Amino acid sequence: RAKSQQRAGHFYFTRNMGVEIRERVRMMHALRTAFSTHELFLAYQPQIDLATRRAVGAEALLRWRTADGKFVPPDRFIPIAEYSGLIIDIGEWVLRTACVELVNLHAAGHTDFTMSVNVSQVQFRHPQFLQMLRQALADTGAPPCHVELEITESMAMEEPETFIEMLAQVKETGVQIAIDDFGTGFSSLSHLQRLQVDRLKIDRAFVTEITGATRGSSIAEMVIQLGRNLGLSVVAEGVEDELQARVLQQLGCPLAQGFLFARPMAADDLSGWLAGEALQRA
Ligand code: C2E
Ligand code: MG
Ligand code: MG
Ligand code: MG
């Protein structure tokens with residue numbers, strides 16, 4: 001095999017790669033079928049105001065439960081959806097479904113509630129993205145100011161000029177913009193200042209660190225300060241224990257999301273969860 005590889009020049013097609021490609025193609029077909037047979041659904045994770053401990057919104061997270069009851073994690077199938085282009089249709093469905101749920105929650109009396117939706121960079125760069133967004137907002141009647149699009153840091157930093165312009169157009173629809181997993185990329189802070197974003201989401205990796213020895217120099221602390229200085233809202237992701245919540249609050253972090261407060265849940269469970277939360281306060 002070494003010899004044939006040499007002869008093939010730059011093309012190294014090893015047996016392992018064959019397996020990998022076949023697996024990817026298999027997943028792609030499975031995902032396409034899953035989408036058309038409604039094996040995909042959304043789970044909603046509440047976002048909490050740390051000062052009042054009340055839910056102010058939720059993040060919609062995509063779930064895939066296969067016919068035999070197994071869950072495929074989004075970190076595995078979203079790259080395949082992006083690679084195959086399926087993310088365009090799936091992403092539109094995610095946005096519309098989350099918007100409908102937002103309208104339901106507003107109708108149920110949670111009128112300040114915000115819905116956060118993850119948007120892949122493949123979607124964001126698609127020529128029809130703006131049109132799709134406007135149409136989804138119009139068709140569902142979702143109030144744009146209560147819809148938040150989560151985009152990743154790396155997305156914002158590639159081709160900043162094009163991105164800044166695109167973002168300005170997206171902002172004209174009235175939606176909010178959050179930068180997801182903030183701190184994991186290599187942001188140029190000068191670009192950040194020019195982007196019309198509303199919120200930074202501190203990645204879970206940094207939230208985990210805040211109660212440790214590195215606390216003084218923690219990235220979480222820096223992001224909270226940065227948010228304050230730029231007038232942006234900040235959400236800490238992946239808050240799992242009370243100590244983390246307290247430290248975050250002391251550092252001035254306004255919002256948090258994590259297993260401490262609630263796990264991602266089905267739409268029906270979310271309205272029940274919110275009702276229970278209201279009952280507790282009464
Ligand atoms: P993300 O947007 O950063 O979402 C946060 C992830 O952290 C979610 O994982 C959530 O379930 C998990 N999480 C929340 N609280 C805790 C906690 O306290 N502890 C721990 N250990 N984890 C927590 P999930 O749902 O597996 O999603 C993974 C990633 O997949 C998301 O990261 C997002 O990048 C992507 N994703 C999910 N849904 C969509 C979607 O509809 N569209 C796109 N483009 N990407 C999505
Ligand atoms: Mg997110
Ligand atoms: Mg995140
Ligand atoms: Mg993440």
Side-chain angles (χ1 to χ4, degrees), residues 31 34-35 39-48 50 55 57-65 71-102 114-126 129 132-133 136 147-156 176-185 197-211 219-220 223 233-245 248 255-267 269-270:
L31 183 59
F35 182 49
E39 285 177 17
L40 300 185
F41 64 100
L42 295 183
Y44 301 89
Q45 185 177 41
Q47 298 176 322
I48 309 294
L50 278 171
E59 177 177 8
L61 293 157
L62 194 54
R63 294 289 175 263
W64 177 8
R65 186 176 40 217
F71 282 91
V72 186
D75 288 331
R76 269 195 69 205
F77 70 81
I78 285 179
I80 289 163
E82 289 175 330
Y83 172 84
S84 61
L86 275 169
I87 195 72
I88 301 301
D89 288 346
I90 294 176
E92 178 173 359
W93 175 83
V94 167
L95 179 65
R96 285 175 174 269
T97 306
C99 281
V100 168
E101 180 56 17
L102 176 68
T114 293
M115 185 62 75
S116 301
V117 180
N118 292 285
V119 173
S120 148
Q121 70 171 310
V122 176
Q123 267 179 289
F124 199 84
R125 292 183 187 287
H126 191 266
F129 179 74
M132 185 282 285
L133 174 63
V147 173
E148 181 178 76
L149 305 184
E150 296 192 3
I151 59 176
T152 59
E153 189 180 1
S154 55
M155 196 194 303
Q176 309 277 316
I177 301 289
I179 300 191
D180 207 350
D181 307 336
F182 191 76
T184 59
V197 301
D198 305 282
R199 183 178 279 184
L200 304 175
K201 296 194 78 176
I202 311 173
D203 196 70
R204 179 166 67 89
F206 307 120
V207 171
T208 311
E209 268 177 32
I210 54 166
T211 52
I219 291 176
V223 178
S233 164
V234 175
V235 189
E237 288 191 296
V239 177
E240 292 184 347
D241 61 55
E242 187 55 45
L243 185 58
Q244 289 170 347
L248 283 164
L255 302 167
Q257 202 181 323
F259 295 169
L260 171 67
F261 309 106
R263 291 196 175 243
M265 58 187 108
D269 296 332
L270 178 64

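Because the structure is predicted, anything quoted here is derived from the model rather than measured. Just so you know, ligand 1 is whichever comes first in the structure, and atom 1 is the first atom listed for that ligand. Residues: numbered from 1 along the sequence shown.
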Visitor: Quickly, which of Gln47, Gln45, Lys201 forms a side chain to side chain donor-acceptor pair (under 3.5 Å) with Glu59? Name it, please.
Guide: Lys201
Visitor: Below 4.0 Å from ligand 1: does a non-hydrogen atom of Gln257 turn up there or not?
Guide: no
Visitor: Against Val94, only a single residue in Ile87, Val119, Leu42, Leu61 fulfils side chain to side chain contact (heavy atoms under 4.5 Å, CB included); can you say which?
Guide: Leu42
Visitor: Please list, in number order, the atoms of ligand 1 under 4.0 Å from a heavy atom of Gln45.
Guide: 14 (C), 15 (N)
Visitor: Of all heavy-atom pairs between Gln244 and Ile210, which one has the smallest distance, and what is that distance?
Guide: O-CD1, 3.6 Å
Visitor: Between ligand 1 and Pro264, is the shortest N or O to N or O distance under 3.5 Å?
Guide: no
Visitor: Can you see which heavy atom on Leu255 is nearest to which on Ser233, and at what distance?
Guide: CD1-OG, 3.5 Å
Visitor: Is it the case that ligand 1 has an N or O less than 3.5 angstrom from some N or O of Val94?
Guide: no
Visitor: I'd like to check which ligand 1 atoms, numbered from 1 as shown, lie under 4.0 Å from a non-hydrogen atom of Gly258.
Guide: 15 (N), 18 (O)
Visitor: How close do Tyr44 and Ala266 get, counting heavy atoms only, and between which atoms?
Guide: CD1-C, 4.3 Å
Visitor: Are more than 12 heavy atoms, taken from residues, nucleotides or ligands other than Arg76, located less than 6.0 Å from that residue's CZ atom?
Guide: no
Visitor: Enumerate the atoms of ligand 1 whose separation from the nearest heavy atom of Ser120 is less than 4.0 angstrom.
Guide: 44 (N)
Visitor: With the Mg ion (ligand 2) at the apex, how many degrees lie between OD1 of Asn118 and OE1 of Glu150, rounded to 10 degrees?
Guide: 90°
Visitor: Quick one: closest heavy-atom pair of Ala58 and Leu270, and the distance?
Guide: CB-CD2, 4.4 Å
Visitor: Using a heavy-atom cut-off of under 4.0 Å, does the side chain or the backbone of Ile78 touch ligand 1, or both, or neither?
Guide: side chain
Visitor: Below 4.0 angstrom from a heavy atom of Asp75, which ligand 1 atoms are there? Numbered from 1 as shown, please.
Guide: 28 (C), 29 (C), 30 (O)
Visitor: Is the shortest N/O to N/O distance between Glu237 and ligand 1 below 3.5 Å?
Guide: yes
Visitor: Evaluate whether atom OH of Tyr83 has more than 12 neighbouring non-hydrogen atoms of other residues, nucleotides or ligands under 6.0 angstrom away.
Guide: no
Visitor: Which atom, counting only N, O or S, brings Glu59 closest to the Mg ion (ligand 2)?
Guide: OE2
Visitor: How are the rings of Phe129 and Phe124 set relative to one another: parallel (under 30°), tilted (30 to 60°) or perpendicular (over 60°)?
Guide: tilted
Visitor: Would you check whether Glu59 reaches within less than 4.0 Å of ligand 1, judged by its heavy atoms?
Guide: yes
Visitor: Tell me the contacting part of Val239 for ligand 1: side chain, backbone, both, or neither, using a 4.0 Å heavy-atom threshold, strictly below.
Guide: backbone
Visitor: Could you name the option among Glu240, Gln244, Arg76 that has the heavy atom nearest to atom 19 (N) of ligand 1?
Guide: Glu240
Visitor: Can you tell me the angle formed at the Mg ion (ligand 3) by OE1 of Glu237 and OD1 of Asp181, to 10°?
Guide: 100°
Visitor: Is there a donor-acceptor pair closer than 3.5 Å between any side-chain N or O of Gln257 and the backbone N or O of Ala236?
Guide: no
Visitor: Check whether Asp198 reaches the backbone of Ile177 with its side chain - one donor and one acceptor, N or O, closer than 3.5 Å.
Guide: yes
Visitor: Could you say whether the N/O atoms of Arg63 and ligand 1 ever approach to under 3.5 Å?
Guide: yes
Visitor: Please state which part of Asp180 comes within less than 4.0 Å of ligand 1, counting heavy atoms only: side chain, backbone, both or neither.
Guide: side chain
Visitor: Quick check: of its N, O or S atoms, which one does Asp180 have closest to the Mg ion (ligand 3)?
Guide: OD1
Visitor: Which part of Arg204 is near ligand 1, with near meaning a heavy atom under 4.0 Å away: side chain, backbone, both or neither?
Guide: side chain
Visitor: So, does Gln123 use its side chain to make a donor-acceptor pair with the main chain of Ser120 at under 3.5 Å?
Guide: yes
